[in-house]
There are 2 protein chains.
Amino acid sequence: MPAVALQLENELDYGRLDQSLGYVLRRAQLAVFKTFQTMFRALDITPAQCSVLLIIEKNPGLTQTQVSDALGIKRANFVALFDGLEARGLAQRASASDRRSYALQLTPRGRAMLRKIHAVSDAHEEKISAGLTQADRHELFRLLNALIAPLEEPVADAE
Amino acid sequence: MPAVALQLENELDYGRLDQSLGYVLRRAQLAVFKTFQTMFRALDITPAQCSVLLIIEKNPGLTQTQVSDALGIKRANFVALFDGLEARGLAQRASASDRRSYALQLTPRGRAMLRKIHAVSDAHEEKISAGLTQADRHELFRLLNALIAPLEEPVADAE
DNA sequence: TATTGTTATACTCTATAACTATA
DNA sequence: TATAGTTATAGAGTATAACAATA
């Protein structure tokens, strides 16, 4: 029996937390993350690893710094993350013209993994959109992007 | 000069990441979190500590377990979190009828802090809503709650 | 027996500084 | 001098197991 049933009608007052966009956004992100974990458990892959494979798929040959910057991952933390992908034979560091860097590539096994990722990702998107109509989902994208834009936007240099 | 300007028109392909609700949601949550950190720095308080104070404000006398459950914090992790609030004189553990537990309360200093929190919180909500109209903001609440509901909903026991 | 608060612990993420080899 | 990758490390946040006091 869940604790909720014990505290029957515990009706506790969340006050302004329920009116806080930040709080609701955090709850949504957390719920989505947990759903991700459940659905991707069989592939044994994290959201971050997933995003790296997806970026390399569309942009082969990028350097570690380019991929890190694109995904908001610190270069230092990217190393171990990519080591994991390389150890599993999903991606590799190929030599680049600039000998300080690597050209990141997928392996055949990585491409096979991506086909599975695409499938699970589609199912995941459908799952987390269960409470939304198609129009709702489209609108949610628009609103989230509208929210993000002014916050991520680099400081425009006034002159 | 930001890195973006250096890699002028680097136009790299995010592929399905841009069509992933999970990814966009994560970016939004991250942007909002960073804005929170900046604006609440002067109060030296985390989102979690903030939410605890807000819950106790509206529901004085709750136990640690009740507050933890309400906010999705593990009981074990709540201890240090509340120790911090108590050390700063913002909240306290009062004795309860059940001597295993405490009735959590605000102190006068905690109530004073909450007035500041309310003010900064209002400013924060306005800041993160900068890219949204009032109607947009209301719609975003509706959509996020619609997304969350089926994911958080405990497994309904069919019978 | 079960529950509350607690401690200890571990694992993941994230952030910073400093090193190396190349440029 | 500056940059790419790397290492080491430290700090959050979060997870589980086990214990003492109390119910």
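All heavy atoms count here, side chains included; hydrogens, waters and symmetry mates do not. First the proteins, then the strands, lettered A, B, ... as listed; each starts at 1.
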Can you tell me the distance, in whole Å, between the CG atom of B/L81 and the P atom of D/dG13?
-> 8 Å
How is B/F78 classified with respect to the nucleic acid when contacts are heavy atoms under 4.0 Å: base, sugar-phosphate, or nothing?
-> nothing
Inspect the contact between A/R27 and B/E152 and indicate whether a charged nitrogen and a carboxylate oxygen are less than 4.0 angstrom apart.
-> yes
Should the heavy atoms of other residues, nucleotides or ligands under 6.0 Å from NE2 of A/H138 be counted, would the total exceed 12?
-> no
Partners passing side chain to side chain donor-acceptor pair (under 3.5 Å) against A/Q19 (at least two apart in sequence or in another chain) | none
Under 4.0 Å from any atom of DNA chain C, heavy atoms only: list the residues of residues 48-60 of chain A that qualify, in numerical order.
-> none
Quickly work out the B/I45 CD1 to D/dG13 P distance and round it to whole Å.
-> 12 Å
Would you mind reading off the distance between B/F82 atom CZ and C/dT6 atom P, rounded to a whole angstrom?
-> 10 Å
For each nucleotide in nucleotides 15-23 of chain D, reading 5' to 3', give B when a protein heavy atom comes within less than 4.0 Å of its base, S when such contact involves only the sugar-phosphate, and - otherwise.
-> BBB---BBS
Which residue lies toward the 5' end of DNA chain D, A/D83 or A/R26, if each is placed at its nearest nucleotide?
-> A/D83
Could you state the OH-C1' distance from A/Y102 to C/dA21, rounded to the nearest angstrom?
-> 10 Å
Can you sort out the partners of B/R26 under side-chain contact (heavy atoms from CB on, under 4.5 Å), two or more places apart, ordered by chain and number?
-> A/Q29, B/Y23
Sequence neighbours excluded - ring pair (Phe, Tyr, Trp, His ring centres under 6.0 Å) pairs with any residue from residues 34-67 of chain A = A/F36-A/F40, A/F36-A/H124
D/dG5 phosphate, OP1 or OP2: any side-chain N/O from A/T65 under 4.0 angstrom?
-> yes
Report yes or no: do B/Y102 and B/I73 belong to one cluster of Ile/Leu/Val/Met/Phe/Trp/Tyr joined by side chain heavy-atom distances under 4.5 Å?
-> yes
Looking only at side-chain N and O atoms, does B/Q64 come under 4.0 Å of OP1 or OP2 in C/dT6?
-> yes
Which pairs pass salt bridge (Lys or Arg N to Asp or Glu O under 4.0 Å) with one or both residues in residues 99-120 of chain A, sequence neighbours excluded?
-> A/D98-A/R100
Below 4.5 Å, heavy atoms only, C-beta onward: do A/L62 and A/I56 meet side chain to side chain?
-> no
Whole-Å distance separating the CD1 atom of B/I73 from the P atom of C/dT6 = 14 Å
Starting from C1' on C/dT6, measure out to CG on B/L104 and report it in whole angstrom.
-> 14 Å
Side-chain donor/acceptor of A/R75 to backbone N/O of A/S68, under 3.5 Å = no
